[in-house]
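All remarks here apply to the structure that follows.
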Amino acid sequence: MFAPRTVCLRCASRASSTAAHNLNHGAWFTSVAGQAEATASPQQAHRRQTRRHFTPRGSQSGPLKPAEEAAVALFNDVVGAKHATTAVPSSHLHLWEVTSAVQALVHKDIGAVEKLESFKTDILPHITDSASHLPKHLNVNVRNLFASIYQDMIDTGQLARGIELCEAFKTLGITSYNYNNGLVMNICHALLSEAESTVSRADVFNELLAMWKYISQLGRKLKPGEKSKLIVPEARDVVHDIKAGRTGHTVRKDLTTRIFAAVLLHLPFTGAKQLMPGLFATLAVLSDARLAPQAAREELAPLLNLVGIALDRVRMPEDYISSLYAADLSFPPAKVAQIQSYVADQWPQVLAMLSPEVEWRSKLGPVATPEGNTSKKLATFHRHLRLANRVRDIGGISSVWVEFKSYVRKSSTAMQQLRDDPELLDYWVFVWCGARRPNRLHETLEIMAEIGVQPSVKTYTSMMHGWKNCKDAEKIEALWNQLVHSGIHLDHIIWTERISGLIEGGKPQLGLRALGEMMENWKAAYQNDPETTVARPQIEVINAVISGIVKLDPKAAQEVLDWASREGIEPNIRTYNILLQQVLRRSSPFEVQSLLKSIKDHGLHPDAATFTILLEEVIGTMQDTSSAELVASVLDIFDDIKAAGLKANHETYGKMLYAVAGLRNSDAAIEAIQSRMRADNFSVTPQMITILVERASSRSPPDIAAIEALIQQHKLTSVTQGDQTLWERIMSAFAWGGNIERALEIFRELEQAGRPVTSLSCLKDLLHALVKAQKWEDAQHVVASVVRYKEASREDPDSRYWKHHFWYLARQHGLWTPNRA
């Protein structure tokens with residue numbers, strides 16, 4: 001599973017040093033349109049006159065430059081010629097009777113199972129040949145039928161036949177991750193509510209296991225005998241995906257979801273994200289000794305193992321579970337609330353279930369336990385390399401390389417670990433390509449050969465990413481040509497890296513050509529085999545193209561988006577975020593409202609990045625503005641959101657508060673935000689209170705009276721209300737503001753509740769106050785409590801955690817003696 005296809009080392013090495021000098025890119029680029037017309041046959045000329053062209057319809061920013069016109073002409077040559085002839089053929093059946101039957105079945109007063117059975121018996125045989133390409137009106141009617149069957153199942157608690165419904169969705173080419181999630185939650189709700197049923201609990205768990213087996217097989221070509229198996233990604237691929245995702249996400253909740261989604265690596269991220277509520281509900285019921293038999297945990301052991309890997313690499317926000325179930329789920333709100341409460345209450349048991357010493361892990365078979373010191377040493381190399389590369393310290397990078405190379409060649413354990421997880425080697429490849437060090441790249445490939453690691457698609461993607469960073473489009477194309485000739489399976493990730501690398505490397509014409517080539521390759525393969533594994537362009541590659549050319553010509557970017565839509569590739573929220581940022585920089589209020597309206601029209605929801613862009617571009621530059629101007633800007637943003645038909649949510653208001661809280665003269669703006677919240681019937685969340693607490697704490701000295709007022713206003717009578725971060729910040733403010741007893745009281749309450757303070761900056765404030773007041777016994781207790789917690793979590797001894805000023809303060813006053821390497 002997920003085994004990478006490889007290319008021989010010799011070809012890879014040759015590709016990395018071969019320049020594509022024969023392409024003569026410059027002359028070819030500027031003359032491609034003329035050459036095409038001069039060499040065209042009469043038939044080709046006629047087709048060019050009649051096909052739909054990719055051409056800008058004018059732009060406020062002026063006409064395209066000659067180079068840009070050539071890029072557009074090239075795009076037309078690549079993707080336009082076959083546009084009208086490559087569509088998937090529609091059915092020739094007479095479907096009006098089928099449409100009538102479907103409509104009648106939607107309104108028929110029978111149960112969900114009967115409707116599904118009737119569809120399979122009376123309707124499906126008549127549309128099998130065209131099932132995935134139904135006419136739009138029939139497709140809508142079938143979707144409505146399935147939605148009604150699904151809703152009946154959920155409303156009545158029907159547990160069986162869920163997989164049959166999912167298969168029906170799949171037969172008609174309908175993506176149903178949200179429904180898959182709802183069916184999983186339906187089973188979990190039946191278990192936790194202990195509803196009376198003629199079905200035994202064992203049968204219910206069998207249905208749950210069958211559902212996860214089905215989900216694990218989505219999108220895969222199954223081998224004989226795999227239909228009954230739970231198929232999960234390899235742990236090394238999950239770890240690689242988690243580490244890759246961390247670099248691209250700055251919002252904590254988004255990062256948490258991204259990490260957990262790696263467990264379902266075979267699914268697109270949007271699909272895996274929709275299945276998270278069902279996954280968390282499954283974890284909760286499996287961890288409940290009152291409900292789940294040991295056999296159920298053993299059946300799902302491979303999946304649980306991957307969740308444990310994800311948990312080891314993330315610190316979940318306190319409100320993550322509540323935010324997970326606050327999403328728009330196709331599930332009754334009352335039942336969602338029950339599941340959310342149950343998952344939150346059961347979470348400590350989930351963590352215990354996923355600990356290393358549990359019975360179900362015996363079903364995973366023998367697991368090689370890597371030598372601890374070797375793992376830590378390799379992790380240290382990786383961390384130091386990232387730090388040096390971040391600041392472009394070539395000397396530091398070379399120093400790490402010399403030590404790394406020597407260590408690996410002396411350690412058989414290190415070689416084995418790198419064979420099992422070659423991510424660090426792939427990262428070295430990326431670094432040397434980005435630093436333009438071909439000799440070091442050759443050394444890395446030699447080390448890989450010595451260890452027995454063949455370069456994979458991930459390795460070559462790392463090469464392209466490095467060359468993209470240093471804008472070396474020629475090397476990207478040279479490597480690509482070698483990979484194509486080698487016959488390696490090229491996934492959509494490496495295609496995206498190639499296309500974005502060409503555009504950002506100053507070769508937009510080649511990037512557009514590559515996009516068209518990718519689409520044509522997929523269409524040709526699809527016509528021969530509808531289940532082809534040839535990479536199909538996805539919205540990620542369209543976003544990469546738009547991100548690169550929108551700065552050259554916004555209208556050209558819009559034309560790419562229109563072409564993608566015609567090809568069935570619909571925009572996602574990131575697409576609009578890219579466009580929104582450019583529009584805001586051009587200071588065009590009308591275009592901002594138009595884009596926000598388009599987001600709504602496409603059924604998308606603004607994400608954290610959308611509002612971050614709005615706030616950074618509008619409010620981020622208002623540090624020295626007056627109170628009235630700041631309030632006006634805040635209200636303008638709300639008006640833009642409302643005018644687009646969108647609705648502000650808790651996250652919107654939280655980000656707005658955060659954006660203005662750090663500005664001078666912001667009192668009136670904060671009141672305006674809170675007033676708008678009250679008018680929209682939104683309650684204040686713990687995160688919002690935390691923002692206001694931090695604002696009061698940032699004053700010198702901290703405004704303790706304001707913090708006390710916030711506590712009273714929001715009726716925060718104990719640490720059971722609000723979240724961990726809020727109480728840690730309140731504790732810190734009291735300590736810094738001189739109310740040591742109150743700060744210590746909060747520390748002890750959190751400790752007794754099993755939620756010890758973990759923020760070292762807050763702990764430092766408390767310890768500093770205790771030392772200053774010479775409360776040595778209390779100070780000793782605080783330090784000992786933190787040490788116990790961190791040692792229990794097996795924190796890396798080389799981590800910067802242990803170098804925080806808190807530990808220096810504790811050591812300085814004899815409260816802690818490090819016994820770590």
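- Looking at heavy atoms from C-beta onward, Trp495 lies in side-chain contact with Asn521 at the 4.5 angstrom threshold.
- Contact annotation: the side chain of Val431 never approaches that of Thr444 to less than 4.5 Å [non-hydrogen atoms, C-beta and beyond].
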Let me see the working for Asp237 and Lys458 under side-chain contact (heavy atoms from CB on, under 4.5 Å), right down to the final yes or no. CA-CA 10 Å; Asp237 291 313; Lys458 294 175 183 176; 2.5 Å; yes
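- Trp522 is not listed as a side-chain neighbour of Glu567, based on a closest heavy-atom distance of 4.5 Å or more.
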Criterion side-chain contact (heavy atoms from CB on, under 4.5 Å) on Trp428 and Leu385, from CA distance to verdict: CA-CA 8 Å; Trp428 274 115; Leu385 174 59; 3.5 Å; yes
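- Nearest heavy-atom pair, Ile499 versus Gly511, reported as atom, atom and distance to 0.1 Å: CG2-O, 3.7 Å.
- Between Ile494 and Leu483 the shortest side-chain heavy-atom distance falls below 4.5 Å.
- Between the CD atom in Glu520 and the CZ atom in Arg513 there is a gap of 12.5 Å [rounded to 0.5 Å].
- Considering only residues two or more places apart in sequence or on other chains, Asp426 meets the side-chain hydrogen bond (donor to acceptor under 3.5 Å, both in side chains) condition with Thr459.
- In plain terms, the two heavy atoms of Pro233 and His266 that are nearest each other are CG-N, 4.5 Å.
- Of all heavy-atom pairs spanning Cys470 and Cys433, the tightest one is SG-O, 3.6 Å.
- For residues 527-546, every residue pair satisfying the salt bridge (charged side-chain N to carboxylate O under 4.0 Å, His left out) rule, not counting sequence neighbours, is listed here: Lys221-Asp529.
- Looking at Asn543 and Asn577, their side chains never bring a donor and an acceptor atom within 3.5 Å of each other.
- Closest heavy-atom contact between Met276 and Thr257: CG-CG2, 4.3 Å.
- A donor-acceptor contact shorter than 3.5 Å is absent between the side chain of Ser565 and the backbone of Asp562.
- Between atom CD1 of residue Ile542 and atom CE of residue Met519 there is a gap of 6.5 Å, rounded to the nearest 0.5 Å.
- Between Ile397 and Arg437 there is no side-chain heavy-atom pair separated by less than 4.5 Å.
- One distance of note links CH2 of Trp467 with CG of Leu479; it measures 5.0 Å at 0.5 Å rounding.
- No side-chain heavy atom of Gln582 sits less than 4.5 Å from a side-chain heavy atom of Leu579.
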From CA spacing to verdict: side-chain contact (heavy atoms from CB on, under 4.5 Å), His489, Val457: CA-CA 8 Å; His489 175 70; Val457 172; 5.7 Å; no
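- Residue pairs satisfying the salt bridge (charged side-chain N to carboxylate O under 4.0 Å, His left out) criterion with at least one member in residues 478-505, sequence neighbours excluded, are listed as follows: Lys468-Glu497, Glu477-Arg498, Arg498-Glu517.
- Here the CE atom belonging to Met463 is positioned 12.0 Å from the CD1 atom belonging to Ile476, to the nearest 0.5 angstrom.
- With Tyr427 as the aromatic partner, Arg386 meets the cation-pi criteria of under 6.0 angstrom to the ring centre and within 45 degrees of the ring axis.
- Thr575 contributes a side-chain N or O that, together with a main-chain N or O of Asn572, makes up a donor-acceptor pair within less than 3.5 Å.
- Rounding to the nearest 0.5 angstrom, the gap separating the CZ atom in Phe260 from the CD1 atom in Ile242 is 9.0 Å.
- Nearest heavy atoms, Leu329 versus Asn178: CA-OD1, 4.4 Å.
- One side chain, Ser598 or Tyr576, offers a donor N or O that lies under 3.5 Å from an acceptor on the other.
- Residues Val429 and Tyr460 fail the side-chain proximity criterion, which asks for heavy atoms closer than 4.5 Å.
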Show your reasoning for whether side-chain contact (heavy atoms from CB on, under 4.5 Å) applies to Leu490 and Val484. CA-CA 8 Å; Leu490 302 168; Val484 170; 4.1 Å; yes
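- With rounding to the nearest 0.5 Å, the separation of CZ in Arg436 from CD1 in Ile394 is 11.5 Å.
- Between Ala544 and Ser500, the shortest heavy-atom contact is CB-CB, 3.7 Å.
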